[in-house]
Every structure is written in C-alpha cells, then in structure tokens.
Amino acid sequence: MKELSKAYEPKNYEDNIYKKWEESGLFNPDVCVKQRFTKKNAKPFSIVLPPPNVTGTLHMGHAAMLAIEDVMVRYHRMKGDRTLWVPGTDHAAIATQAKVEKLVMEKEGKTKYDLGRDEFLKRVESFAQESHDTIVNQSRKMGASLDWSREAYTLDEKRNLAVRTVFKKMYDDKLIYRGYRVINWSVKGQSTVSDDELVHVERPGKLYYFKYSKDFPITIATTRPETKLGDTAVAVNPKDARYKKYIGQEFVVDVGAAAPLKIKIIADENIELEFGTGALGVTPAHSSVDFEMYQKQKADGNDIGLIQVISEDGKMTAAAGKDYAGLTVLAAREKFVEYLRKNNLLEKEEDIVQNVGTSDRFGDVIEPLPKTQWFIDVNKPIKSRGKKTLKQLMQKAVGNKKGQIEIIPDRFNKTYFHWIDNLRDWCISRQIWYGHQIPVWYKGEEVFVGVEAPRGEGWQQDPDTLDTWFSSGLWTFSTLGYPDLKASDLKNYHPTSVMETGYDILFFWVARMILMTTYVLDDIPFKKVYLHGLVRDEKGQKMSKSLGNVIDPLDMINKYGTDATRLSLLVGNTPGNDMKLSEEKIAGFRNFTNKLWNISRFMLLNIENPKIDIKKPKAKTLADEWILEGLDKVIQETSKNIEEFNFSMVGEKLRDFTWSELADWYLEIAKVEGKKSEILNYILNTILKLWHPYMPFVTEAIWQEVYGADKTLMVEPWMGVKKANPTAKGFNDIINTITSIRSLRAEYKIEPAKKIGAHVNAGKKEKLLRNNQEIIKSLARLESLEFVKTGAEVSLDLAGAVDVAKEKPRLEKEIAELKKYTAGLENKLLNKEFVSNAPKEVVEKEKGKLNEAKSKLEKLEEQLNNLK
RNA sequence: GGAGCUGUGGCUCAGUGGUAGAGCGUUCGGCUUACAUCCGAAAGGUCGCGGGUUCGAUCCCUGCCAGCUCCACCA
C-alpha cells in the first residue's frame, strides 16, 4: 500500500477521480443495476436538476444546488436505491437573447435586425453552446454525480416535441387562447413580459390633478398625463355622493388628441374614494386595470372605446394628435402638462412615491399596451380533470396529505397558495427570436395548430416564441421521455422524489411545473420540494458583478478543493434561509478536509492489512466500546438527517464525531493502548462512507489509495444500525477527568511529571473500574502524570504541587454554586406538579442531572478535604 | 396596502418547553514522530424589548422595536 502524503492536495486527485467515476458509467442507474450495485427491483430515487441558464457561468447558488442534490443522490445510491439525477440546461429565452444582443452590439456595433433572424440565432446558439460547455464542466468540477447520458436541453429536439405536444393539447382543451389584451410591453426588448417577470421599483413621481376641459365637472388625478390623450371614460365609486349624479353621462372634450375624446362617466366599485380626487381617468389601452373596466363595460353593452396613444416603439401614435405623434412618452408628458397649465386646467401637482413596473431582463420601464397574444387560461374548467381549473389543480397538488407535494420549509405553502389566488391568465407569447416557436400556422383567415407543420402551400408559422417557463414547466417529464407515455424512465422515475431549488423561483418555475404536470399527466411532478436560500456575500449582500463581491466557485475549488467548497455550502445554514459565505469559511473546511486525510493516514499506519469487507469488531476496552457506540449513533443520525433534509446538522455532527471524538480522544488512546487494527479498519471504512456524500473526492481518494484504483467508494453499500443500549457511559467521566487535569495543569502552570490533585469516581461496576484504570493509566502516561491507585477509587494523586491558597477558594466557590444547583434540582423534583405533569423522560433526565451533580459535589468536597 | 423571514458570546450561524452550543476570532501554553491546514487550556451570552400561557420559556401566544425579503392594478 502506498503511503499517503502529508497534506491532501485536491488538485492531484479531483479531476482524475471524476473522470474515473464518469467512465465507470455508475452515474447511470441502469449501469448500477447491470453491475449489481443496485438491485433490479430497488426503490427509485430521482431528481431532475434545475437546469442552469446558458447565459454564462455557474455561481455559488448553482454550486450550493449541486452540492445539496449530490448529497441526496450519493446517499441514496449507496443505500441501494435506483438513483437517477438528470442533468440539463435552460435556453432562458429572453435572458440569453438579451445577453447576446448586448455582446453583438459591443463587438460589432450591430443590432439583431442588422443581422437578421437566422444569422442572429446562429450567434445565440454558438453562445449558448459555449455557456453550456462551461456549465457542464463546472458541474463536473463540483463532483456532481449526474447521469450525463440523459442530459437534456430545454430547446433541443426532444423537448421541442414535448412543448409542441403540450401546446396542442392545451389548445384543443381551449386552455390556450389568442386574445387582444393589455400586456406588459418592453420597448427595449420589443417583447411582452409576463406578470411575474415584472419588477416593481419605487420611484419619486408626480400626481397631477386636472380637468379635461373648463366645463368638465370632475377633476381627476394621474401620474401619467400623456396617456390621458387616450382616455375614454372616468370611473367613480358608485357610492361616491360627489359624483353619483354624473354616472352614465358622456362628455366630449378636446385635449389636443387626433379626435375629441368622448368621456363617459362610469361606476366601478374598486375606485377608492380617498385616493386623489376619487375619480379615475380610464385609459383602456394603457392600463390593465382600465382595460378590465373597459371589458366589463363592453360585456354590459356599453362600449366606451379604446384609443392606443403609445406604440410599440415607445412613442406617441397618430391618435395622440399631431402635437404629440412621434414624441417619446416623457416628452409628451411634459408637453401635455404644459398644455394643461397654459389652459388653467392643472389644479395641483403632488410629489408621491410610485411603484413602476420594470422588466427584470431588459431593465426598462414596462409600457402596458394592447396587443393580440397567446394566453393560458387558468380559470377554465378542464373536462379530463374533473372540471377542475388549472388553478384548482395547482391548489390540490400541494399539502400534507398523501399524494400531495410537501414543501420544505412549509412556510412556503402560504406563499405558494397566495400566489395562486392572485394568478391571472399567463401570457406565453414573446416577440423574441430565441425560443420555441409557437406551433401555430396561418394562411389568410385560416389557423392551424399542430404538433407538426400543416401540409400544403402558403402556411406561415406564428413568428412568436414561447415564454421560457413554458418549456421549463415540462422539465420533470420532458426529460424522462414524454410525450412517449410508455417511456421506461417516465414509468420508473416519475414523479421525481425531490425538487431541490432556490426559493426565488418558486413561482416562476416550481408552480409552473405543478401546473403543467397535473394537467398533462394528471400527476404531481415531485413528491417533495426542498427550497434552499440564496448565497450572499459576508455582508449579506447579493453577489453581483457590479458590486464586485462575487465569489467564484471555481476559484474556491482551485484554492481549497471541491470538498471544502461543498461543505461550506452545506453546513451552517437552514432550508429557505439565505446564507452568508466567506472565503474564511471555505478555508476552515479545507482544514477539515486535510484533517480527515491525516486521520486516515494515521489509522492506516495502525491497520495491518486493510480490508473493505469488515464487520463491526468486538470492543476490547472501554474506549473501543465508546467509539463504536459513538459511530453507531452517528450512522443513525446521518441517515436520518439526510432523509429529513437537515444537511447542515449532518455535517456538524459528523465533523464533531470525526474531529472531537475520534481524532482528539480515541486515536490518542489508541496510541497507548495499541493493537487496534481491526477496529481502526472498521472505523476508517465507516467514516469514509459517511463522509462520501459530502466530501466525495477526498473520501474516494483515500479509498482508492488504500484499496486500489479499481475499487470505488461511490457504490459501497451504506450502513444500517441496530439500536443498542449504550454501555460505555463511564468513558465520558474519564474524558472529564482528563480535561480537568489539563485545566488545572494549565492554571497552575504545572510542568509534566509534577504532581497535581484530581480524582475520578470510577463507578460501581468492577469491569468498568478495571477498564477505567487501564485507560486512566494510559492517559496519565499521555499527560505525563503519575498514576496512583487507592482501593476502589482510582485517582491521579499529584497533590503536592497545588497552590492551596489559590485552590481552596476556587473549590469552595465551585462547591457553593453546585450546592445551589442541586438544591434547585431537589426542589424541582419535590414539586409534585412537576413530577406529575412533566413527561417521564424529563423527570428522569432531571434525576440523572441531580445524581451527576451530587457525585460531582462529593468529589469536590473530597478534594477540598485533601487540600486541608 | 398585504404576507413572510430574521434578531442567540467580537463575527458567521446551529439548537432545545427544564439554569445555552459550534466554527472562526481573541488570550495563554505547546513544532507531543497522522496533521502547525495541528494540539491543550481559557475568557466571552440577562438567547432584541414588554406582557401572557406553564410548576418552569431563549424555545409556545401576543404587542412593540430593529433589519431583510416577497407579493400588490392606489390611478
């Protein structure tokens, strides 16, 4: 066997190990079955990776996602489950196109129109390909055990077929419709944007109070005077005494628009009496609220009309009048306000803070305007789904009943349901070029919707593309073989076990997957949703290029290794809460990685002939018993906590066991007790397995150094543990004793081999006493103290060197405090209410505490007597 | 305007209905032949503030203060 180097060098191992894993094919569950690492009829465990956008590189958030999912996947694979983790990337329509547009402009000074659709798409595709390659390589660097043979792309052929199939199905069910509506328009992006992609930004604004004309009876208030050129009504609350009398009347006013405006006074209950003047100028073309009023009126047989005064290029239309046509919105606003002022129509200007909707991707202010678009109707009863609407399907899918999706942490249930309650029809068409082109063809008045293009000449496909979340919504099943409903992956792995993703895309994505899956497959897409927090910098700020606070996972991997980087993202945070990450934290875990390496190195020096298959050996000493019990406990806890998504807890407990118990105590004792080959071999194998899901590289590196490069830890079976009664309790007494010796020695600056007083109550059992003596003897030697045995009591009697003057008050103080404490406990146990009301275990625990305190008190009093 | 989260030692965060834990940092002492990416010891907290429930609350309820986040068609 090769001797391990002094320090673990991740770079010497990681890439090779990953390559070996990948070549072994064992990321693929079919191969695991074929090679008999997994039973054919094993329980499935599946995760579909949230596909990163092909807009660049992976950031720490992705790294966290990969680490968390890889932990689950590796754990379940070792446990023997038929484990599948499907990788993929997302074409991220708008985001990718916007990025490439920017790049093309920077590099060539050209717009997408200069290049034309085909040429521009070629640029996007090559950019996407490059991003994809980077992302895939980074995922490998993270050690992610993804089944690359099943890799998918949201815009590849198979996914495109899934998209067309679902579109057609929804169209046939009349869930998808084409409608003329006020939509969110991004002038910069020249496309619609969905409600969810709108980001509301607070801005200082002005509220203008004015009248359309001198003899118009009602003053209205607006933040957007320029749109008033397209007003067709004034809405007031029907309960408003001030305006009641005008309801139903029509006024004709000339404000300089192309034609005089016919303003009808209408009633609407949503108008607030308190805001502004309590009257709202209705602009059906440029406000979705106003548009809804317009539709409502129209349904009631009262067409108030709609005038579009702003066009898609963000400029005023001819309908706005010759003074305004062609002006930008802002210029028109100034001009119109000036007009009002001149004609004494402007009554008041008020500074207010207003919320402006901006486009997340393009960054500009969203212009609501009317346009014919494709929508998904979320309120239409679906025959094949028991007349439930999409909204209802989404509501029914989540909860804590069997067959429902459990969201972790559960507080996001509330967020989810609230979102559904406020959900409106989803605008799915985009005027961008990169994406799934809508499978609709036109020929004159004819419309054809189909999975494949229609036969015959003269058909023109709809130029629009689909919202990127449409294809993402199909992700859990489009990656598993859909639309082939008999596909084995779909049967074997759907619904997936867990969806692990950031809480920031709960609406965008998780909800859409639930919508699509419940509708298309009449099933849930995943059994559980685990939401992780965002990775922030050490100050809690979002990491961003402009702030310059981005920690690049690759840099950290280069500097500290993958395992350390993974641990830093797994330990020290809880689900759904953001985590702050600093380089120091990663460096800390690098130290631990090295510690594990050295622990293994030491153990190997004491293992005669390392074996993979080694059963739990019998304990020969109390120390052995203690560490084996500790190991059993940590095995249990690790399994339980991974299954319950307490990833941080697992790391902490394992680290504590490995470092504080195994390395600091057991291995030290092993040095003096010696002859522990079998036990050490067993412990080594076990902790390497336990750590493998968290630190796949260093554990695999050690494993292969020890057992040969043809072996792999990755598919070694996970351990089960039978519950056992702890018998090595006495060992903790010993630890405490030694600790107090060390402490006293430090306090009194006693050199090794000098005398110092400390006692240990060895307990009552003979066997325990014998064992304790052995260990204490050993540890006394370790501590360079003189070991003295007196009757049934074991003591390390080195009293001579103790400074009585100093020690006496210390002991007295400690005794006094302890007496107070025991008195308190005794009182508590005498309290009938406590004894009868508190759970039995709690009472027992308190009794235990009391006994412990009493014996400690005895010891201290004895020490005090010895001093005297 | 609604909803949610957070507030625990200097920092980052775990945690529990029964007189508080870790890592880092700090101080002191050690190159003890697995590891100085280490070892030993120590200091350091009225668990944001007030009220309630309870035999008992840092943990449950309620109000307040502070920070953060999401949602929303106040024109």
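Every value quoted in this text rests on a predicted model; they were computed, and no experiment measured them. To find a chain, count down the sequence lines: A is the first, B the second, and so on, and within it residues start at 1. What you see below is based on every heavy atom in this structure, not just the backbone, and it leaves out hydrogens, waters and symmetry mates.
Here A:Ala663 lies in heavy-atom contact (under 4.0 Å) with a base. The residue A:Glu652 sits close only to the backbone: its heavy atoms come under 4.0 Å of sugar-phosphate atoms, none of a base. Among the protein residues, A:Gly588 comes within range of no part of the nucleic acid, since none of its heavy atoms lies under 4.0 Å from any strand. Across all strands, A:Arg411 comes closer than 4.0 Å only to sugar-phosphate atoms, never to a base (heavy-atom distances). Within the nucleic acid shown, A:Lys580 comes within 4.0 Å of sugar-phosphate atoms alone, with no base atom in reach, counting heavy atoms only. Within the nucleic acid shown, A:Met649 comes within 4.0 Å of sugar-phosphate atoms alone, with no base atom in reach, counting heavy atoms only. At the heavy-atom level, A:Lys6 lies under 4.0 Å from the strands shown only through sugar-phosphate atoms. Contacts of A:Asn573 with the nucleic acid, taken as non-hydrogen atoms under 4.0 Å apart, involve only primed sugar atoms and P, OP1 or OP2. Here A:Asp664 lies in heavy-atom contact (under 4.0 Å) with sugar-phosphate atoms only. Using a 4.0 Å heavy-atom distance criterion, A:Asp656 is classed as making no nucleic acid contact. Residue contacts shown for A:Arg224 are absent, as no nucleic acid heavy atom lies under 4.0 Å away.
Whole-Å rounding puts the A:Leu569 CG to B:A14 C1' distance at 17 Å. Remark: C1' of B:A14 and CD of A:Glu637 are 14 Å apart, rounded to the nearest angstrom. With rounding to whole Å, A:Leu506 atom CG is found 15 Å from B:C5 atom C1'. What separates CG of A:Asp410 from P of B:C5 is a distance of 10 Å, to the nearest Å. The distance between atom CD1 of A:Ile669 and atom C1' of B:U32, rounded to the nearest whole Å, is 16 Å. If you take OH of A:Tyr503 and C1' of B:A3, they are 14 Å apart, rounded to a whole angstrom. Taking atom CG on A:Asp268 and atom C1' on B:C73, their separation rounds to 11 Å, with Å as the unit. Distance CD (A:Glu197) to C1' (B:A72): 17 Å, rounded to an integer number of Å.
For the 3.5 Å distance criterion, the side chains of A:Ser677 and A:Glu608 fail to qualify, holding no donor opposite an acceptor. Neither side chain, A:Asn573 nor A:Ser648, offers a donor N or O lying under 3.5 Å from an acceptor on the other. There is a side-chain donor-acceptor pair under 3.5 Å between A:Lys228 and A:Thr283.
Taking atom P in both B:A66 and B:C60, the straight-line distance is 22 Å, to the nearest Å. B:A3 and B:G56 have their P atoms separated by 33 Å, given to the nearest Å. Comparing the same atom, P, in B:A34 and in B:C49 gives a spacing of 49 Å after rounding to whole Å. Spacing of C1' atoms, B:C71 relative to B:C13, comes out at 28 Å, to the nearest Å. On the C1' atoms, B:C38 is 16 Å away from B:C24, given to the nearest whole Å. B:C5 and B:U62 have their P atoms separated by 11 Å, given to the nearest Å. The separation of B:A43 from B:G23, taken at their P atoms, amounts to 15 Å, rounded to a whole angstrom.
Taking the six-membered ring for Trp and thresholds of 30 and 60 degrees, A:Tyr530 and A:Phe647 have ring planes more than 60 degrees apart, a perpendicular arrangement. Between A:Trp691 and A:Tyr694, the two ring planes are perpendicular [angle over 60°; tilted spans 30° to 60°].
When side chains are defined from C-beta on, A:Ile687 counts as touching A:Leu662, because their heavy atoms get closer than 4.5 Å.
Taking 4.0 angstrom as the limit, A:Lys414 places a side-chain polar atom (N or O) nearer than this to OP1 or OP2 of B:G4. The phosphate of B:C73 has OP1 or OP2 within less than 4.0 Å of a side-chain N or O from A:His200. Distances shorter than 4.0 Å separate some side-chain N or O of A:Trp659 from OP1 or OP2 on B:C39. Regarding contacts with the backbone of B:C38, a side-chain N or O of A:Asn591 is found under 4.0 angstrom from either OP1 or OP2. Between A:Arg536 and B:U12 there is no side-chain polar atom (N or O) within less than 4.0 angstrom of OP1 or OP2.
The nucleotide whose nearest atom lies closest to any side-chain atom of A:Thr574 is, among B:C5, B:G15, B:U37, B:G15. Distances from the side chain of A:Leu280 to the nucleotides B:A34, B:C73, B:A75 place B:A75 closest. Distance from the side chain of A:Arg601 is smallest for B:A34 among the nucleotides B:A34, B:C74, B:U37. Residue A:Ala7 has its side chain nearest to B:U37 when only B:A72, B:U37, B:A34 are considered.
Under the Watson-Crick and G-U wobble criteria, each requiring two contacts below 3.5 Å, nucleotide B:A36 is left unpaired. Within the shown strands, B:G2 is the pairing partner of B:C70 under the Watson-Crick or G-U definition, both distances less than 3.5 Å. Searching all strands for a Watson-Crick or G-U wobble partner of B:C49 with both distances below 3.5 Å returns B:G63.
Comparing A:Leu198 and A:Ala221 along RNA chain B, the residue whose closest nucleotide (by nearest heavy atom) sits nearer the 5' end is A:Leu198. Taking for each of A:Phe602 and A:Lys585 the nucleotide of RNA chain B with the nearest heavy atom, the 5'-most of the two is the partner of A:Lys585.
Within 3.5 Å, a donor on the side chain of A:Lys595 pairs with an acceptor on the base of B:C35, or the reverse. Applying the 3.5 Å distance criterion, the base of B:A72 shares a donor-acceptor pair with the side chain of A:Asn355.
Annotation: the span from A:Glu272 atom CD to A:Asn237 atom CG amounts to 9.5 Å, rounded to 0.5 Å.
Between A:Glu226 and A:Arg224 there is a salt bridge, since at least one side-chain N of the basic residue sits less than 4.0 Å from a carboxylate O of the acidic one.
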